[in-house]
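The block underneath contains the structure these notes are about, expressed in structure tokens.
So you know, we letter chains A, B, ... as the sequences are listed, proteins then strands, and number each from 1.
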Protein chains: 2
Amino acid sequence: MSRTAVSAKDVAELAGVSRAAVSRCFTPGASISPETRARIVKAAEQLGYQVNRLASGLIRNETGLVALIVSDMATPYRSHLLAALTEAVQQAGKVALLIKTDRSDGSAEQALRQAISYRTDAAIFLSGMPARSLAETCMRNGMRLVLINRDEDRPGALQVRLHDAEAGRRAVAVLRAAGCRRLALASSGVGTHSISERERGFREAATAAGIDWIEERFGSTSYQTGQDLGMALLSRRDRPDGVFCATDLLACGVMDVARWRLGIRVPDELSLIGYDNIAQAGWDSYGLTTFSQPVDEMAAKSVEWLSAMAANDDGDDGAGTARAEILFMPRLVLRGSVAQGFVPGVGR
Amino acid sequence: MSRTAVSAKDVAELAGVSRAAVSRCFTPGASISPETRARIVKAAEQLGYQVNRLASGLIRNETGLVALIVSDMATPYRSHLLAALTEAVQQAGKVALLIKTDRSDGSAEQALRQAISYRTDAAIFLSGMPARSLAETCMRNGMRLVLINRDEDRPGALQVRLHDAEAGRRAVAVLRAAGCRRLALASSGVGTHSISERERGFREAATAAGIDWIEERFGSTSYQTGQDLGMALLSRRDRPDGVFCATDLLACGVMDVARWRLGIRVPDELSLIGYDNIAQAGWDSYGLTTFSQPVDEMAAKSVEWLSAMAANDDGDDGAGTARAEILFMPRLVLRGSVAQGFVPGVGR
DNA sequence: AGATTGATTGCACAGCTGTGCATGACAATT
DNA sequence: AATTGTCATGCACAGCTGTGCAATCAATCT
């Protein structure tokens, strides 16, 4: 009947002990005798008691909450990364607070403010970027920041990145080895750091090899944009025969337009490479050669770093760990979307 | 330097007012003069103050947290639903607590316990199911429960369901109208309520029409299972020419096996119908006829119900609202995966 | 036996906020 | 001018937990 939930006081009364004993019962390493613990546990189960982590967090300055800040979360790559992070966070005994952002201005700020208001132990940005001043406020208050595939660095935050430029370079190598003559670059117009890096690597390698290429860059990172990019690139007179797409979603769109609207055979007349290794890239309809991000490992390392930072909170003001960065290498996944040819031993 | 975050006391000191004034400043409808509010807002911005919702929730018995409990969240349909719910929750001024479950026993219980420990205002189950006793404990403590596409009902919880059986029936009608002679049902072996209902509708309609059909049911609800189902169904001597798949993911697997491994033309030799209307169903490679769930509307109505329940918390003990259910009708989306034919006016 | 050690338990406080109650100031009304 | 009403503000308490400190108690040692 009472609208309020059962508290430690109720358990204490039922078990005939002090409220402090109940607290110690659920605090690892606290001093409590086995028999009273047994009594308390029994009473707690009977009442359905769960320690109130709000009150606990209030006094311990550690809520066990980790904010995951993300946009476009229904996208294959994003949802995969989100799942991995949630799993890792839970494995570490914490819980994920999910905050969705959009493209609008100040959306990331708004999200971070939400995280602060719940006194989150950490915030992990999968997209967007908080203003520098607000980020510093977070750090000063003891909140950890992790930035995944973000560009500008915030001192004290962990940067989780991939060697995107290297992937762009390898894409050129693979396409050339497949015998492609006219290369193209298909990318969205969002201008994210990681996407820009993929473009840069592609251009560098093409320039270094002394070959010409064409580009199309517009729209968001979606299947629809992929279709439009494919239409723009493949209806040209000097149609390319090897395209590197900044994203698997784009590549799927390009491939579908080629096959189903323009009647171009893949990979006989057109070789395609994507990036992300989303589930659909492995489906029979696509068989897309792409670069795989070690999503699980990225998530695990991020959370690991958070725990490590929490462990050595002994007086250092974070200045010593000003620059933390983990760099992963995207792994080439060869499938049927690239024409058969000699693939150079680019391994290392 | 101080590890602890800025509190209302700090703001009050800077603004030269009492701490209570700061609290009132951020409480809508509280009595406070415009000039002191201005002073407080200025001081708060200067210090980067955000109201501590943990402490606020502690005293108001309303944390603003809504737990989303889900498994297989990287799946297209699930991630779509998850995104819609997160969006709806945020629109209502609340924040989503994301809890991932797996197939293991007691996983749902564990998740619900997590939700309780954070004194979540509500818990929304997208998969899994808590034990009845634990669910009742939640309700008694004032936590609202929403079950999406779940079978057993928990008194007091909101049931959000679709008319799955009707979809199964319509699938038979559409396949027959397309001229299919040998129907088949492809489903996973998970035995979820909603999936069982789709199967039931299919069988009922086929039986009523007096036609025979074949079935395959095994595995999880994945693309891979779809491939295996397709292989099992389509390599038979009496190969079916019209298949209703309990899920789009399954349908994609079936279609790919048909096209790319068995050389069966879709829709000329094989008509396919799925369920969920995931993004890939609309891609050129699939063009899958399917049933669309009004995901956004489902999310909006769920959160709306939560707010309504919170509003009339005036002494009623929930017994009056024992049975709440919202039933949605899946919408048929016609695409190219079904052979051209006369589609009966099943509207209504 | 007496002293010491160790474990266990209860008291009380801190951590941060919302709000009822009382007080004070000020405007409006008779 | 006196009274009434409104509004703003501060005090103090409640809500739930973790933990330092003192006290109690049993057990062990000399």
**Message:** Quiz question: going by heavy-atom distance under 3.5 Å, is there a donor-acceptor pair between the base of C:dG15 and the side chain of A:R119?
**Reply:** no

**Prompt:** Do any of residues 13-21 of chain B sit with a heavy atom less than 4.0 Å from DNA chain C, and if so which?
**Reply:** B:R19, B:A20

**Asked** Are a donor atom and an acceptor atom from the side chains of B:Y77 and B:Q293 found within less than 3.5 Å of each other?
**Response** yes

**Request:** Please determine if a side-chain N or O atom of B:S31 lies less than 4.0 Å away from the OP1 or OP2 oxygen of D:dA8.
**Result:** yes

**Item:** Nucleotide D:dT17, atom C1' - distance to CD1 of A:I59 in whole Å
**Value:** 6 Å

**Request:** Specify the separation, in whole Å, of atom CZ of B:R60 and atom P of D:dC16.
**Result:** 15 Å

N/O contacts under 3.5 Å, protein versus nucleotides 24-27 of chain D?
none

**Sub-4.0 Å heavy-atom contacts from residues 32-57 of chain A onto DNA chain D, ordered by number** = A:Y49, A:V51, A:N52, A:A55, A:S56

**Request:** Give the rounded distance in Å between these two atoms: CD1 of B:I116 and C1' of D:dT17.
**Result:** 18 Å

**Message:** Base, sugar-phosphate or nothing for A:S23? Non-hydrogen atoms, less than 4.0 Å.
**Reply:** base

**Request:** Identify, with sequence neighbours excluded, every residue that meets side-chain contact (heavy atoms from CB on, under 4.5 Å) alongside A:E87.
**Result:** A:Q91, B:K100

**Fill in**
If each end axis of the helix from C:dA1-D:dT30 to C:dT30-D:dA1 is fitted on five C1' pair positions, the angle between them, to 10 degrees, is 40°

**Prompt:** Taking atom C1' of D:dT17 as reference, at what distance in whole Å does atom NZ of A:K9 sit?
**Reply:** 13 Å

**Prompt:** Closest nucleotide of DNA chain D for B:A30 versus for A:V22: which of these residues is on the 5' side?
**Reply:** B:A30

**Request:** Nearest whole angstrom, please: distance from the P of C:dA14 to the CG of A:L58.
**Result:** 14 Å

**Fill in**
For residues 18-50 of chain B, the ring pair (Phe, Tyr, Trp, His ring centres under 6.0 Å) pairs (sequence neighbours left out) are B:F26-B:Y49

**Prompt:** Are a donor atom and an acceptor atom from the side chains of B:S71 and B:D102 found within less than 3.5 Å of each other?
**Reply:** no

**Item:** Length of the CD-C1' vector between B:E62 and C:dT17, whole Å
**Value:** 15 Å

**Prompt:** For the pair made of CZ in B:F26 and P in C:dG18, what is the distance, rounded to whole Å?
**Reply:** 10 Å

**Asked** Has the side chain of B:D121 got a donor or acceptor atom that lies under 3.5 Å from a matching backbone atom of B:V66?
**Response** no

